[in-house]
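In what follows, a single structure is set out as structure tokens and then discussed.
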Amino acid sequence: MRRAIFPGSFDPLTNGHLDIIKRSSPLFDEIVIAVLNNADKNPMFSVEERCEMIREVLPLVETGTCRLMVDSFSGLTADFARQMKATAIVRGIRAVSDYEYELRMALMNRRLEPTIETVFLMAGEEYSYVSSTLMKQVFQLGGRVEGLIPELVEDRMRRKTENGV
Ligand code: PNS
């Protein structure tokens, strides 16, 4: 049984994340989308809201026989991966600029848990500039983000900015 975790903040989920989930699905039997409960950041969505949105969107992703699950975690990614009995940590690389940070994280995670490998997947070039941070910024300033985030996430962002829910 090949299980991987795909850790991240997912505040919010973008089509770039979905692209990585889709690309990694033929490599694993199970992928756990692992939402970091990060107290340091000032998120737009709570961890519960992020998990809920991901759960709603995942059925729309074509992943063949690979099973997708969603969970949240606090603390170290390496510890969570070990708890989940995962053999791999999936991360997406959009551009060369991601590489240095990702390399440092992968090496640190390998030091913390030598039996778990980080698997890098190249995001589709159409998502090479898509990040959750940029999506929130453009959306909040009235710019168009359709095609870059799931529609359901865009609706939730609209509700959040208009009514605060
Ligand atoms: O989507 P992001 O914000 O780029 O994800 C970053 C994430 C969650 C993968 C990273 O911040 C992380 O692993 N945080 C958990 C704490 C940890 O394990 N830190 C050491 C990593 S070397």
Side-chain angles (χ1 to χ4, degrees), residues 2-25 27-28 30-58 61 63 68-140 145 148-150 152-154 156-157 160:
R2 296 161 306 159
R3 179 184 290 146
I5 66 161
F6 178 34
S9 306
F10 301 104
D11 184 41
L13 179 82
T14 68
N15 286 351
H17 293 129
L18 291 179
D19 178 60
I20 294 296
I21 293 169
K22 198 169 166 185
R23 285 174 195 280
S24 52
S25 64
L27 306 177
F28 301 102
E30 280 183 8
I31 301 171
V32 181
I33 322 303
V35 181
L36 177 67
N37 196 346
N38 186 352
D40 302 342
K41 287 195 180 173
N42 183 18
M44 180 173 203
F45 294 102
S46 70
V47 172
E48 293 73 27
E49 288 172 322
R50 284 180 255 163
C51 289
E52 194 183 296
M53 282 189 279
I54 298 171
R55 284 198 185 94
E56 282 180 50
V57 171
L58 285 186
V61 187
T63 57
L68 300 178
M69 287 172 294
V70 184
D71 208 344
S72 61
F73 74 105
S74 310
L76 290 172
T77 292
D79 286 345
F80 182 71
R82 191 187 313 116
Q83 279 162 30
M84 295 306 292
K85 298 192 175 17
T87 52
I89 296 171
V90 169
R91 292 287 290 170
I93 300 241
R94 292 164 296 196
V96 178
S97 50
D98 283 338
Y99 179 72
E100 212 176 310
Y101 168 63
E102 293 296 336
L103 176 68
R104 272 188 276 131
M105 274 209 297
L107 294 178
M108 191 65 216
N109 283 331
R110 190 160 71 187
R111 186 192 161 99
L112 293 167
E113 186 45 71
T115 62
I116 300 175
E117 287 295 337
T118 297
V119 174
F120 290 126
L121 290 159
M122 306 311 140
E125 53 273 30
E126 64 272 41
Y127 304 116
S128 58
Y129 59 95
V130 175
S131 70
S132 301
T133 307
L134 197 64
M135 293 306 103
K136 282 185 283 192
Q137 193 184 93
V138 172
F139 181 84
Q140 281 167 340
V145 288
L148 304 178
I149 55 174
L152 180 142
V153 171
E154 197 179 341
R156 292 289 285 265
M157 281 169 89
K160 180 73 76 180

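Remember, it's 1-based here, ligands and their atoms both numbered in the order they're listed. Sequential numbering from 1 along the given sequence is applied to the chain's residues.
- Between Met53 and Met157, every side-chain heavy-atom pair lies at or beyond the 4.5 Å cut-off.
- Classification of Lys22 and Asp19 as a salt-bridged pair fails, no side-chain N sitting under 4.0 Å from a carboxylate O.
- Formation of a donor-acceptor pair under 3.5 Å by the Arg50 side chain with backbone atoms of Ser9 is found in this model.
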For ligand 1, output the ligand-protein N/O contacts shorter than 3.5 angstrom; if there are none, return none.
unit_1: ligand 1; atom_1: 1 (O); unit_2: Ser9; atom_2: N; d: 3.1
unit_1: ligand 1; atom_1: 3 (O); unit_2: Ser9; atom_2: OG; d: 2.7
unit_1: ligand 1; atom_1: 4 (O); unit_2: Arg91; atom_2: NH2; d: 3.0
unit_1: ligand 1; atom_1: 5 (O); unit_2: Arg91; atom_2: NH1; d: 3.3
unit_1: ligand 1; atom_1: 13 (O); unit_2: Thr77; atom_2: OG1; d: 2.5
unit_1: ligand 1; atom_1: 18 (O); unit_2: Thr77; atom_2: N; d: 2.9

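- At a threshold of 4.5 Å between non-hydrogen side-chain atoms, the residues Met105 and Thr118 do not count as touching.
- A salt bridge links Lys136 and Asp11; the closest N-O separation between the charged side-chain nitrogens and carboxylate oxygens is under 4.0 Å.
- For the residue pair Thr115/Glu113, the side-chain donor-acceptor check at 3.5 Å is satisfied.
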